[in-house]
Amino acid sequence: MPKSRAGPHKFSLSHPQTPKLSYGYKSTMNVGRSGYRVFSANSTPACTELAKKITERLGVELGKSVVYQESNRETRVDVKESVRGQDIFIIQTMPRDVNTAIMELLVMAYALKTSCAKNIIGVIPYFPYSKQCKMRKRGSIVCKLLAAMLAKAGLTHIITMDLHQKEIQGFFSFPVDNLRASPFLLQYIQEEIPDYRNAIIVAKSPSAAKRAQSYAERLRLGLAVMHGEAQCAESDMADGRHSPPAFRPSCGPPGLELPWRHQAPFPGIELPMMMAKEKPPITVVGDVGGRIAIIVDDIIDDVADFVAAAEILKERGAYKIYIMATHGLLSADAPRLIEESAIDEVVVTNTVPHEVQKLQCPKIKTVDVSMILAEAIRRIHNGESMAYLFRNVTVDD
């Protein structure tokens with residue numbers, strides 16, 4: 001065979017490498033560290049105030065997007081900038097039209113998911129349907145359904161505040177950070193309520209006693225618990241207190257027996273009579289005479305119970321009555337009822353927009369919690385621990 005002319009150097013020949021095509025883009029386009037964007041999913045200007053305060057504290061601009069309702073009331077979302085490979089935070093406050101706000105959040109999350117966002121974190125200060133977290137009669141656990149819908153839309157994390165029940169976090173298949181508003185409300189009590197050392201913390205019901213006890217221990221104040229309910233406050237059949245109906249025996253002449261649905265379920269077996277549920281009139285366990293009464297709760301929506309509680313406390317000798325709550329929904333005629341009641345002041349945070357209610361009732365005051373929400377966003381994006389935000393916060397808050 002003829003010898004190769006290349007000899008021993010046949011594999012050492014150098015060939016010019018083909019230049020990589022860049023199509024006009026920089027070669028480092030995929031090397032840069034991913035950033036983050038903050039969007040607001042609300043279509044009403046009143047609901048974007050909290051988002052603007054958060055972005056001001058973070059030193060970033062609010063993401064460019066358009067959220068609006070079409071003529072047939074369908075929700076449409078247009079994201080006006082690239083979100084590929086970035087952490088996206090969607091701030092959604094809940095106005096009176098809760099169902100529309102939920103659709104806005106779901107549609108925006110899905111739009112960001114299909115736009116290749118790296119992580120989609122929902123900042124939902126007040127989580128809707130949180131009161132429907134238990135099975136009642138033939139109802140459903142709507143809160144669990146909403147958690148599944150958010151996960152399906154593409155959310156990977158949620159930041160919220162003072163869930164109605166902490167067990168709601170178990171409905172989600174992704175992390176949930178349940179922040180607390182108690183440090184801000186405690187600071188308001190210490191700085192804005194004169195002679196707060198003469199105050200007493202009041203739980204409106206036994207179920208709120210743990211939260212009230214946590215406030216009382218940190219303020220070094222006394223504790224009072226209200227028990228019972230206002231007379232004729234609800235329909236007797238609304239909560240099934242007289243259900244099931246009394247059993248009527250199937251006695252009588254042959255041929256005149258009661259239909260099968262009115263008889264005992266099994267022959268020879270009679271169920272014991274159910275005791276009707278009765279609550280006594282509202283009573284106060286604790287001395288509130290000559291003191292400032294501070295009622296604490298997580299949600300204030302229908303204020304009828306708070307107004308009734310304030311009247312009882314006034315009768316027991318309390319000379320000032322404050323209400324502290326995280327979420328001020330203040331639906332229906334709540335501002336008018338508060339203005340005409342014995343309540344001196346209602347203090348809520350800005351997790352829910354209530355500027356219109358404040359114009360109707362000057363007794364309503366607002367505490368800003370945008371600071372802790374902005375810090376939570378910064379820590380999640382940087383991968384830092386969230387423990388600092390829960391310092392000196394008890395489990396019962």
Side-chain angles (χ1 to χ4, degrees), residues 162 164-166 180-234 239 277-328 330 334 337-349 361-367 392-397:
D162 282 340
H164 186 59
Q165 297 289 339
K166 298 176 181 61
R180 306 293 197 274
S182 58
F184 298 91
L185 297 176
L186 290 170
Q187 183 180 5
Y188 184 93
I189 293 174
Q190 293 173 331
E191 296 179 357
E192 301 297 333
I193 298 181
D195 196 20
Y196 81 93
R197 290 293 182 186
N198 190 36
I200 184 170
I201 305 298
V202 180
K204 186 174 62 69
S205 62
S207 60
K210 288 186 176 181
R211 181 188 301 271
Q213 181 181 359
S214 173
Y215 277 65
E217 289 176 350
R218 282 184 284 176
L219 291 170
R220 304 332 189 243
L221 299 177
L223 175 66
V225 180
M226 305 189 72
H227 175 64
E229 64 180 356
Q231 299 301 301
C232 302
E234 58 183 341
D239 58 354
K277 186 183 78 171
E278 294 291 346
K279 285 187 177 181
I282 296 179
T283 56
V284 181
V285 181
D287 183 16
V288 298
R291 295 192 177 187
I292 302 172
I294 303 176
I295 304 175
V296 297
D297 212 337
D298 60 332
I299 300 173
I300 175 170
D301 187 5
D302 183 9
V303 299
D305 292 343
F306 291 93
V307 171
E311 293 177 356
I312 298 296
L313 293 173
K314 277 289 186 180
E315 293 176 1
R316 294 299 180 92
Y319 68 93
K320 274 192 177 182
I321 299 173
Y322 290 81
I323 295 178
M324 299 282 172
T326 303
H327 311 295
L330 303 171
L337 294 175
I338 293 173
E339 185 66 24
E340 297 173 356
S341 69
I343 301 171
D344 292 282
E345 198 167 277
V346 175
V347 183
V348 294
T349 69
C361 178
K363 292 182 179 180
I364 302 174
K365 308 296 180 183
T366 306
V367 175
N392 301 326
V393 172
T394 63
V395 179
D396 297 326
D397 272 4

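All of these numbers come straight from a predicted model, not from anything done at the bench.
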What are the two closest heavy atoms between [X] and [Y], and how far apart are they?
X	Y	answer
Lys314	Tyr319	NZ-O, 3.2 Å
Ala216	Gly222	CB-O, 3.8 Å
Lys363	Ile338	NZ-O, 3.3 Å
Met324	Ile193	CE-CD1, 3.8 Å
Ala224	Val284	CB-CG1, 4.3 Å
Ile201	Tyr215	CG2-CB, 4.2 Å

Check residues 285-300 and write down every donor-acceptor pair under 3.5 Å in which the side-chain atom is one partner and the other belongs to a residue at least two apart or another chain.
| unit_1 | atom_1 | unit_2 | atom_2 | d |
| --- | --- | --- | --- | --- |
| Asp287 | OD1 | Gly289 | N | 3.1 |
| Asp298 | OD2 | His164 | ND1 | 2.8 |

Less than 4.5 Å apart, any side-chain heavy atom of [X] and any of [Y]?
X	Y	value
Val348	Ile323	no
Arg180	Thr326	no
Ile282	Glu315	no

More than 12 heavy atoms of other residues, nucleotides or ligands under 6.0 Å from NZ of Lys166: yes or no?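 Enclosed: over 12 neighbouring heavy atoms sit under 6.0 Å from NZ of Lys166.
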Quick one: pull up [atom1] in [X] and [atom2] in [Y] and give me the separation to the nearest 0.5 Å.
X	Y	atom1	atom2	value
Tyr196	Leu219	OH	CG	6.5 Å
Asp301	Asp305	CG	CG	10.5 Å
Cys361	Leu337	SG	CG	9.5 Å
Lys320	Ile343	NZ	CD1	14.5 Å

Counting distance only, does the side-chain N/O of Asp344 pair as donor-acceptor with the main-chain N or O of Tyr322 below 3.5 Å?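 Checked: no pair found.
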Side-chain H-bond candidate by donor/acceptor type, Glu345 with Tyr188, under 3.5 Å: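 Yes, because at least one side-chain N or O of Glu345 sits under 3.5 Å from a partner of the opposite role on Tyr188.
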